[in-house]
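Structure first, then comments.
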Amino acid sequence: SNHTYHEFFVALNEQTIHSFDKPQYDIQPIIQHLCDLGSNHTMRAIDLTRKLCFLLAITSFMRPSDIERIDDARTTVNPKELRMVVVRPKEKRNGQRIEKVIFLQRHQVDYLCPVQAYETYKTRFCQEPCVRRYPSCNGPRLIVHKLVRAVHNNHLLIGSGRISNHIKHLLRMIPQPEGTSIPKARALGSTAAVLAGASLEDVLVHGSWVSSSVFDTYYRLSRDMATNFTRMAL
């Protein structure tokens, strides 16, 4: 019965410990790798594709499926920032599908700038449109202009699985304590933002997390804080 099913999972949860004692991750090997790759204009297509996917994931807190569903026809760039729209993301609000709007500012270090990586990728590999049509509840099918393309054929789109592999290629450069898994890029980025002093509210909005408990339970990798509570308390 439903009651027995519920009681089983209640008992299971009571026997399970959710630890917030997580390892520290050092992304410096990735930073050095991005530096060693050199100019966006001359690096290999596979390297620029991996770099773009990683920088979008870690700075915008996007999943691979979000990057796959960027509607690039609606992307705008100005001297300050990049604005992207993600259609049909995983998140819903009140049971209704949403479109996510994400802003990314430029980085002062060229080889770490997601906006520059985007601009060069567009120039080199997105001269022709690459579209996919999604079912729509009302009216015509939704047409989405894809950003990330297949490395060996720029006319072909790739799915979230391939984008995930591109991101993981760089994440595997992080030293991993024994028995731990590869961290998510959006968890690394959002945790680093909190530690650097970003407000929790801004992090939740940027990552489209519906509540602080979701972020705190599944994505926050460190219990450290930018606030010095010893100094504040004494």
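As the structure is a computational prediction, the values presented were derived from the model and not from experiment. By convention here, the first residue in the shown sequence is residue 1.
- Using modelled atom types, one side-chain atom of Asp66 and one backbone atom of Arg63 make a donor-acceptor pair closer than 3.5 Å.
- A donor-acceptor pair under 3.5 Å is absent between the side-chain atoms of Thr217 and the main chain of Val214, judged by distance alone.
- At least one side-chain heavy atom of Arg74 sits less than 4.5 Å from a side-chain heavy atom of Val87.
- Residues Ile98 and Trp209 fall into different hydrophobic clusters, defined by Ile, Leu, Val, Met, Phe, Trp and Tyr side chains chained together at heavy-atom separations under 4.5 Å.
- Residues Leu82 and Pro114 have side chains not in contact (no heavy-atom distance under 4.5 Å, counting atoms from C-beta outward).
- No continuous path of hydrophobic side-chain contacts links Ile158 to Val131 [ILVMFWY only; heavy atoms under 4.5 Å].
- Taking both residues in full, the closest heavy atoms of Ser181 and Tyr25 are given as O-OH, 3.6 Å, listed atom of the first, atom of the second, then distance.
- Atom-to-atom distance recorded for Gln32:CD and Leu34:CG is 9.5 Å, nearest 0.5 angstrom.
- Residues Asp110 and Gln116 bring a donor and an acceptor atom of their side chains to less than 3.5 Å of each other.
- Residues Ala193 and Phe61 share a closest heavy-atom pair of CB-CZ, 4.1 Å.
- Lys122 NZ: more than 12 foreign heavy atoms inside a 6.0 Å radius.
- Side-chain atoms of Lys51 do not come within 3.5 Å of backbone N or O of Asn40 as any donor-acceptor pair.
- You'll find the side chain of Ile174 stays beyond 4.5 Å of the side chain of Ile182, heavy atoms only.
- Here the closest non-hydrogen pair linking Ala57 and Ala185 is CB-CB, 3.7 Å.
- Between Arg83 atom CZ and Thr76 atom OG1 the span is 5.5 Å, to the nearest 0.5 Å.
- To the nearest 0.5 Å, the span separating CZ on Arg149 from CG on Asn154 amounts to 7.0 Å.
- Between Pro177 and Pro175, the shortest heavy-atom distance links the atoms CD-O, 3.8 Å.
- The cluster map of Ile, Leu, Val, Met, Phe, Trp and Tyr, joined by side-chain heavy atoms under 4.5 Å apart, puts Leu52 and Ile46 in different clusters.
- To the nearest 0.5 Å, atoms CD (Gln24) and CG (Asp224) are separated by 8.0 Å.
- Gln127 places a side-chain N or O within 3.5 Å of a backbone atom of Thr123 that can act as its donor or acceptor partner.
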Side chain to side chain contact (heavy atoms under 4.5 Å, CB included) between Thr191 and Arg223, worked out: CA-CA 9 Å; Thr191 299; Arg223 312 313 293 176; over 6 Å; no
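- Summarising the geometry, atom CD1 belonging to Ile163 is positioned 10.5 Å from atom CZ belonging to Arg69; distances are rounded to the nearest 0.5 Å.
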Derivation of the side chain to side chain contact (heavy atoms under 4.5 Å, CB included) call for Phe54 and Leu171: CA-CA 8 Å; Phe54 172 78; Leu171 292 177; 3.8 Å; yes
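- Considering NZ of Lys184 and OG of Ser164, their distance stands at 9.5 Å, rounded to 0.5 Å.
- Note on Arg132 versus Asp71: no salt bridge recorded, every NZ/NE/NH1/NH2 to OD/OE distance being 4.0 Å or above.
- Put simply, the side chain of Asn94 never gets that close to the backbone of Gln96: no donor and acceptor are under 3.5 Å apart.
- Proximity of a side-chain donor or acceptor of Lys146 to a complementary backbone N or O of Glu68 within less than 3.5 Å is detected.
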Side chain to side chain contact (heavy atoms under 4.5 Å, CB included) between Tyr118 and Leu56, worked out: CA-CA 9 Å; Tyr118 168 85; Leu56 290 179; 5.6 Å; no
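- Val77 is connected to Val86 through a chain of hydrophobic side-chain contacts under 4.5 Å among Ile, Leu, Val, Met, Phe, Trp and Tyr, so both are in one cluster.
- Considering only heavy atoms from C-beta on, Ile27 comes within 4.5 Å of Leu188 through its side chain.
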Side chain to side chain contact (heavy atoms under 4.5 Å, CB included) between Ile67 and Ile167, intermediate numbers included: CA-CA 11 Å; Ile67 297 174; Ile167 298 170; 4.1 Å; yes
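- In this structure the side chain of Asp36 never reaches within 4.5 angstrom of the side chain of His33, judged on heavy atoms.
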Considering only distance and modelled atom types, tabulate donor-acceptor pairs under 3.5 Å from the side chains of residues 195-207, sequence neighbours left out.
| unit_1 | atom_1 | unit_2 | atom_2 | d |
| --- | --- | --- | --- | --- |
| Ser199 | OG | Asp202 | N | 3.1 |
| Ser199 | OG | Asp202 | OD2 | 3.3 |
| His206 | NE2 | Thr59 | O | 2.8 |

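- When side chains are defined from C-beta on, Leu104 counts as touching Met84, because their heavy atoms get closer than 4.5 Å.
- Each of Met43 and Val151 belongs to its own hydrophobic cluster when Ile, Leu, Val, Met, Phe, Trp and Tyr are linked at side-chain heavy-atom distances under 4.5 angstrom.
- The pair Glu119-Arg106 meets the salt-bridge criterion, with a side-chain N (NZ, NE, NH1 or NH2) lying under 4.0 Å from an Asp/Glu carboxylate O.
- Annotation: Arg93, atom CZ; neighbour count of heavy atoms from other residues, nucleotides and ligands within 6.0 Å is above 12.
- Minimum heavy-atom separation, Glu99 to Pro89: CA-CD, 4.5 Å.
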